[in-house]
Amino acid sequence: MLRTFAIVICLLGLSACGGSGGSSLGSPPTQNCTLMTCPQPTGWVQGVYPASSSFAQKCASPRSGIDPVTQRSYTDVKGTTTDENNFLRSWTNELYLWYSEVPDLNPANYSTTASYFPLLKTSATTPSGAPKDKFHFTYPTSTWEQLSQSGVSVGYGAIFFLVQASPPRRILVGYVQPATSSQTSTPALAAALVRGDAILQIDGVDAVNATGDANLATLNEGLSPTQAATHTFLVQDPGASGTRTVSMAAQTINETTVPVATKLPFNNTQVGYMLFNDQLATSEKELIAAVNSLQGVTDLFLDLRYNGGGYLDIASELAYMIAGSARTGAGSSTFEQTQFNSKYPGTDPVTGTSTTTLFHATTQNFSVPAGQALPSLNLSRVFILTGPDTCSASEAIMNGLRGVNVQVIQVGSTTCGKPYGFYPQDNCGTTYFSIQFQGVNAMGQGGYSDGFTPANQPSGPGAIIGVSLPGCSVADDFTHALGDPNEGLLQVALAYSTTPTCSVPPSGSSLASLKRATQPGEAVHVRSPLREMRILRR
Amino acid sequence: MKAAVSRMIIAAGVILLAGCATSSSRDVPAVIVNPTPQSRAELSLAVQRALHSGPVLLADDALTQSSLLPIDRIPRRDSHGRLLNGLEIGRKPEVFRLVQSGSRCVLIHDDVDQLRQPLTATRCQPAPRS
């Protein structure tokens with residue numbers, strides 16, 4: 001199941017030589033070939049694309065021996081950088097969503113894949129002026145393919161936010177994994193970290209003002225350890241004038257993806273608040289328990305501000321549990337239609353399966369045996385609390401519900417804008433990520449590449465305005481716990497539920513400065529030490 | 001002689017199939033009780049064997065709370081903490097099921113092959129009904 005990518009080779013093999021993709025930009029017609037029907041590539045011919053399979057695993061530096069991930073021998077053979085570039089060129093032409101907008105550049109003119117691959121994407125921009133393709137990157141295959149029990153990672157059990165990544169830095173604790181029956185403590189819990197804690201020093205280095213490579217390395221190692229060690233943090237609790245020192249060593253953490261699901265008394269009714277942070281396999285079981293605990297609520301306030309996505313099937317399950325059977329045709333309505341490039345109008349070219357994901361009315365064997373009926377809240381509207389980290393499959397929840405006329409009210413800030421996805425592809429030890437599909441809902445709505453934005457978001461320099469949804473623009477509020485009715489986003493959303501106007505969010509008095517920036521890119525968070533990229537900037 | 005061998009092979013096949021059916025019909029979803037370093041190592045090896053993989057990060061309490069064990073790629077994130085692949089379609093995690101089959105604890109890879117691996121260093125009991 002983890003290795004479906006090879007199927008594309010078979011499917012592509014069905015297309016005969018001479019097939020023409022054409023180009024909306026006036027470049028020469030393209031030609032797709034197979035090993036059987038086309039001559040072996042001898043050189044670059046503009047507009048002619050041999051099958052990517054004819055270049056696959058021909059590597060300038062072939063891997064040899066046993067793959068530590070698969071425990072099987074590598075199948076790389078000796079090739080050249082030009083072979084690798086040719087693979088990327090043909091693969092992009094086959095599967096990239098906007099393949100016709102990619103310039104056809106001679107692979108032999110680039111001495112590294114690292115200089116060639118970044119060029120294999122569209123240069124178009126969105127209505128906001130941002131690049132249309134913001135998600136084009138690579139990752140070492142040996143790391144990408146490593147496995148873990150779903151929901152298990154190595155960390156402190158806390159997420160840090162770099163509200164300001166360069167001096168004067170502001171590093172805050174975003175949230176702390178709660179204790180569970182099977183995990184009664186974590187390093188963060190033992191250190192009594194709470195949301196809003198400011199990190200002032202790490203291992204004796206000034207986390208706010210320090211510069212220089214050595215100091216940055218120390219700070220990065222503390223926030224994102226690469227080796228087992230105990231690190232010391234000077235922290236300032238919210239509202240405290242003094243500081244305290246805590247020590248933590250990263251350890252195995254069982255992540256709870258739905259840390260909070262609670263009924264709140266409000267206006268003589270019960271409303272539900274649910275914090276949902278990750279769409280992992282384990283989420284299936286947690287979401288069912290959460291929705292069962294929220295039965296009878298009149299409104300749901302779904303907090304996706306830190307939810308960067310995950311499985312689309314999990315998104316579909318939650319959307320069903322919010323909307324219920326009647327609004328989703330008992331699970332027969334489209335949750336998301338996946339669209340590939342124009343060469344594949346109705347079929348997923350990688351898996352060969354349908355491109356439609358329905359609202360799932362039953363479990364899908366992620367962490368609960370398949371076929372069990374899902375509970376539902378049967379709501380006609382839902383309040384979604386958002387931020388710039390609300391991304392991908394969590395945006396799909398919002399879009400999918402819109403598609404079946406569930407009113408989606410957004411409180412927070414513009415989401416990340418990623419209605420796109422990819423099947424990561426290994427070649428010669430590098431895994432390539434190149435956008436291959438986009439999702440639209442049952443009404444055909446999609447394309448929110450600038451994200452979703454609350455309707456009252458003011459425009460202005462630097463403001464990103466995405467697809468407008470009813471609701472209110474509110475800055476993240478680190479001065480209250482998530483789920484606290486006085487927390488900025490939730491408080492405004494609660495007020496909006498009775499009177500659809502945007503109240504002024506609480507100022508947070510002297511801690512107002514802790515409210516988080518509302519524009520994407522201004523904050524960075526770190527949740528899994530040992531696994532994150534380098535984050536601090538000079 | 002040839003016919004006799006054929007009959008023996010067929011008989012053996014029938015017995016094997018019957019054995020499989022019997023063990024499947026006796027399968028009860030189970031959870032591990034009192035995990036030990038030996039049982040954790042045994043579980044880890046069984047998972048690696050089924051997936052033909054290298055080391056897999058497992059929690060110390062794996063399969064103690066649930067009879068299902070989903071295994072996935074370690075989620076990788078960008079510098080903003082967003083998942084690199086935040087819109088996963090077309091695949092699911094590898095899922096293992098622990099069952100009690102008679103007195104034995106058996107780990108089943110919930111795949112087309114339904115590979116069954118007895119865990120001899122592991123104690124298990126029927127999983128509580130959810």
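Atoms considered below: every heavy atom in the structure, side chains included; atoms not considered: hydrogens, waters and symmetry mates.
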Side chain, backbone, both or neither: which part of A/Leu280 has a non-hydrogen atom closer than 4.5 Å to chain B? side chain
Would the distance check show the side chain of B/Arg76 and the main-chain N or O of A/Tyr139 forming a donor-acceptor pair, the cut-off being under 3.5 Å? no
Got B/Asp60 and A/Thr252 here, is their nearest side-chain heavy-atom distance under 4.5 Å? no
Min side-chain heavy-atom separation A/Trp144-B/Asn85 under 4.5 Å: yes
Roughly how far apart are B/Arg91 CZ and A/Thr351 OG1, rounded to 0.5 Å? 12.5 Å
Heavy-atom side-chain proximity of A/Ser181 to B/Gln65 below 4.5 angstrom: yes
Interatomic distance, A/Glu145 atom CD to B/Arg73 atom CZ [nearest 0.5 angstrom]: 4.5 Å
Mind ranking A/Gly309, A/Ser392, A/Ser148 by heavy-atom pairs under 4.5 Å with chain B and telling me who comes out on top? A/Ser148
A/Asn254 vs B/Asp61 side-chain heavy atoms within contact, under 4.5 Å: yes
With a 4.5 angstrom heavy-atom cut-off, could you sort out which part of A/Pro419 is near chain B: side chain, backbone, both or neither? backbone
Under 4.5 Å between any side-chain heavy atoms of A/Lys418 and B/Leu87, yes or no? no
Is it the side chain or the backbone of A/Glu336 that comes within 4.5 Å of chain B heavy atoms, both, or neither? side chain
Looking only at A/Leu312, A/Thr338, A/Thr282, most heavy-atom pairs under 4.5 Å shared with chain B are made by A/Leu312
Please flag which part of A/Asp67 lies under 4.5 Å from any non-hydrogen atom of chain B: side chain, backbone, both or neither. neither
Would you say that B/Leu83 contacts A/Asp278 through its side chain, given a criterion of any heavy-atom pair below 4.5 Å between the two side chains? yes
Structural part of A/Tyr420 lying under 4.5 Å from a heavy atom of chain B: backbone
Is the closest side-chain heavy-atom distance between A/Leu147 and B/Leu57 below 4.5 Å? no
If we only count heavy atoms from C-beta on, is the A/Tyr423 to B/Ile89 side-chain gap below 4.5 Å? yes
Can B/Lys92 be said to sit on top of A/Phe366's aromatic six-ring, NZ or CZ under 6.0 Å from centre and within 45° of the ring axis? yes
For chain B, find which of A/Asn365, A/Ile253, A/Ile288, A/Thr357 contributes the most heavy-atom pairs closer than 4.5 angstrom. A/Asn365
I'd like to know if the side chain of A/Gln149 and the backbone of B/Ala59 have a donor-acceptor N/O pair within less than 3.5 Å. yes
